[in-house]
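First the proteins, then the strands, lettered A, B, ... as listed; each starts at 1. Just so you know, these numbers come straight off a predicted model, no measurement behind them.
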There are 2 protein chains.
Amino acid sequence: MRAAIDLFAEQGYDATTVNEIAERAGGLTKTTFFRHFSDKREVLYAGQELHGRIVSDAIGGAPDSATPLQMVASAVDELAAVFTEDRREMAGKLRKVIAESAELQERAAFKRAALVGAMTAALRERRVPELVAELAAELGTRAFYGAFGRWAVAEDPRTLVEHARQAFGELRAAMSELE
Amino acid sequence: MRAAIDLFAEQGYDATTVNEIAERAGGLTKTTFFRHFSDKREVLYAGQELHGRIVSDAIGGAPDSATPLQMVASAVDELAAVFTEDRREMAGKLRKVIAESAELQERAAFKRAALVGAMTAALRERRVPELVAELAAELGTRAFYGAFGRWAVAEDPRTLVEHARQAFGELRAAMSELE
DNA sequence: TAGCGTGATGTTACCAAGTCACATCACCAC
DNA sequence: GTGGTGATGTGACTTGGTAACATCACGCTA
């Protein structure tokens, strides 16, 4: 993964071949690469099933007294907590690489949708009505991604959790302005 | 496009080759296919730039007195109006094909995000604050896609516009339940 | 210590997506 | 009929992705 990110950052995603990535990652070959990642894009997104589990667990473990938005807030909190400061630099590189490739943005959109889906399903499990669940999940995901983007550029010393809480609050406020 | 949808429906997306599509579409070849569509997936989504323009124009043309949600409602209305009854059958086939291919769902997620982006930009243009614009655009897009899915299965005689209006209203109600 | 299974890797060959340079052909205008 | 233009075909190429088979290192056990 490190080899891939570095090569993508140096030469661009399209100009980098899977063989090059494998080669840099310790003289390996294409075949080995595809044994670890289902395709070339996935090398940048591997491990995100974990994110789905994290938000599901957070929502599943929220107290019965919690409102849907409180459940989502705790999910966003737990997810944001995964990204400790030492991952910030890599996140910044990643963001830049993705911003330059339509193919990678497509995968990103898919992963984002999967996160919304995971939150929605977990909320439904908690007997939140479908549409309310969808909107709450969307709001949480939007807060997380917005916060992630600002955190990754690193011009602000606050942690991702702090960024996420602020983003969540702002989105909530914006929602109440929507009549 | 018709050749592609039919072949995908018959054999599945993965099992269909671009050469086959071109061949069925009047004895053409791969090269010609790629002159019309940037890649294999795009054959199912071509023409969606138009959707972006439609929602932008609707929002841009809304009266100054309109609220953000009213602007979005008119955008959804105009977009839904594009899908006349004669397109319903094709839409149903399309839905099924997409549901069976991860690759196509990825492209769909991307196009959906583009639609949200187009609405957001148009709302910003109308001086709607960023976060309010994002949420309104998301709500409108969600209403449209939900309605589209129900319209395409064809078990309900109502037009897409009617479906969309109902979906929009329901989402609005769900939003106000979100504290 | 010999041998055996297992997991990670390499090799080779293959298919299909996507690109490119160059050729062809039909059609329209002058 | 001459020339330009747009759509198409051809052939060669790169690369992502798959599959079958071989290799090698390691640890376990007889």
Can a side-chain donor-acceptor contact be found between B:T17 and B:N19 if the only test is distance below 3.5 angstrom?
no
List, one per line, each side-chain donor-acceptor pair under 3.5 Å for residues 136-145 of chain B, sequence neighbours excluded.
from, atom 1, to, atom 2, distance (Å)
B:E138, OE1, A:R142, NH2, 3.3
B:E138, OE1, B:R112, NH1, 3.4
B:E138, OE2, B:R112, NH1, 3.4
B:E138, OE2, B:R112, NH2, 3.0
B:E138, OE2, B:R142, NE, 3.3
B:E138, OE2, B:R142, NH2, 3.1
B:T141, OG1, B:A137, O, 2.9
B:R142, NH1, A:E134, OE1, 3.2
B:R142, NH2, A:E138, OE1, 3.3

Give me, pair by pair, the N or O atoms of the protein and of nucleotides 17-19 of chain D that are less than 3.5 Å apart, along with how far apart they are.
from, atom 1, to, atom 2, distance (Å)
D:dG17, OP1, A:R41, NH2, 3.2
D:dG17, OP2, A:K40, N, 2.6
D:dG17, N7, A:K30, NZ, 3.0
D:dG17, O6, A:K30, NZ, 2.5

Phosphate-side-chain proximity, [X] and [N], N/O vs OP1/OP2 below 4.0 Å:
X	N	answer
B:T17	C:dA17	yes
B:T32	D:dG9	yes
B:T29	D:dT8	no
B:H36	D:dA7	no

Measure from [atom1] on [X] to [atom2] on [N] and round the result to the nearest Å.
X	N	atom1	atom2	answer
B:L28	D:dT10	CG	P	11 Å
A:L7	D:dT15	CG	C1'	16 Å
B:F8	C:dA17	CZ	C1'	12 Å
B:I21	C:dA16	CD1	P	13 Å
B:E23	D:dT8	CD	P	14 Å

Residues 46-57 of chain B side chain polar contacts: donor-acceptor under 3.5 Å, at least two apart:
from, atom 1, to, atom 2, distance (Å)
B:E49, OE2, B:G47, N, 3.2
B:S56, OG, B:G52, O, 2.9

The side-chain contact (heavy atoms from CB on, under 4.5 Å) partners of A:T29 (sequence neighbours excluded) come to A:T31, A:T32
Exactly one candidate in A:R95, A:R2, A:M1 meets side chain to side chain contact (heavy atoms under 4.5 Å, CB included) with A:M90; the answer is A:R2
Under 3.5 Å, which N/O atoms of the protein pair with N/O atoms of nucleotides 22-27 of chain D?
none

- Task: Before accepting this row, confirm whether a basic side-chain N of the pair A:K93/A:E10 lies closer than 4.0 Å to the acidic partner's carboxylate O.
- Result: no
Can you tell whether the side chains of A:E85 and A:R88 come within less than 4.0 Å, N to carboxylate O?
yes
| request: State, yes or no, whether a side-chain contact exists between B:L94 and B:F8 at a heavy-atom distance under 4.5 Å. | output: no
### Task
Scan B:G26 against the nucleic acid and name what it touches under 4.0 Å (heavy atoms): base, sugar-phosphate only, or nothing.
nothing
Distance-only check: which donor-acceptor pairs under 3.5 Å involve side-chain atoms of residues 116-124 of chain A, not counting sequence neighbours?
from, atom 1, to, atom 2, distance (Å)
A:T120, OG1, A:V116, O, 2.7
A:R124, NH1, A:E130, OE1, 2.6
A:R124, NH1, A:E130, OE2, 3.3

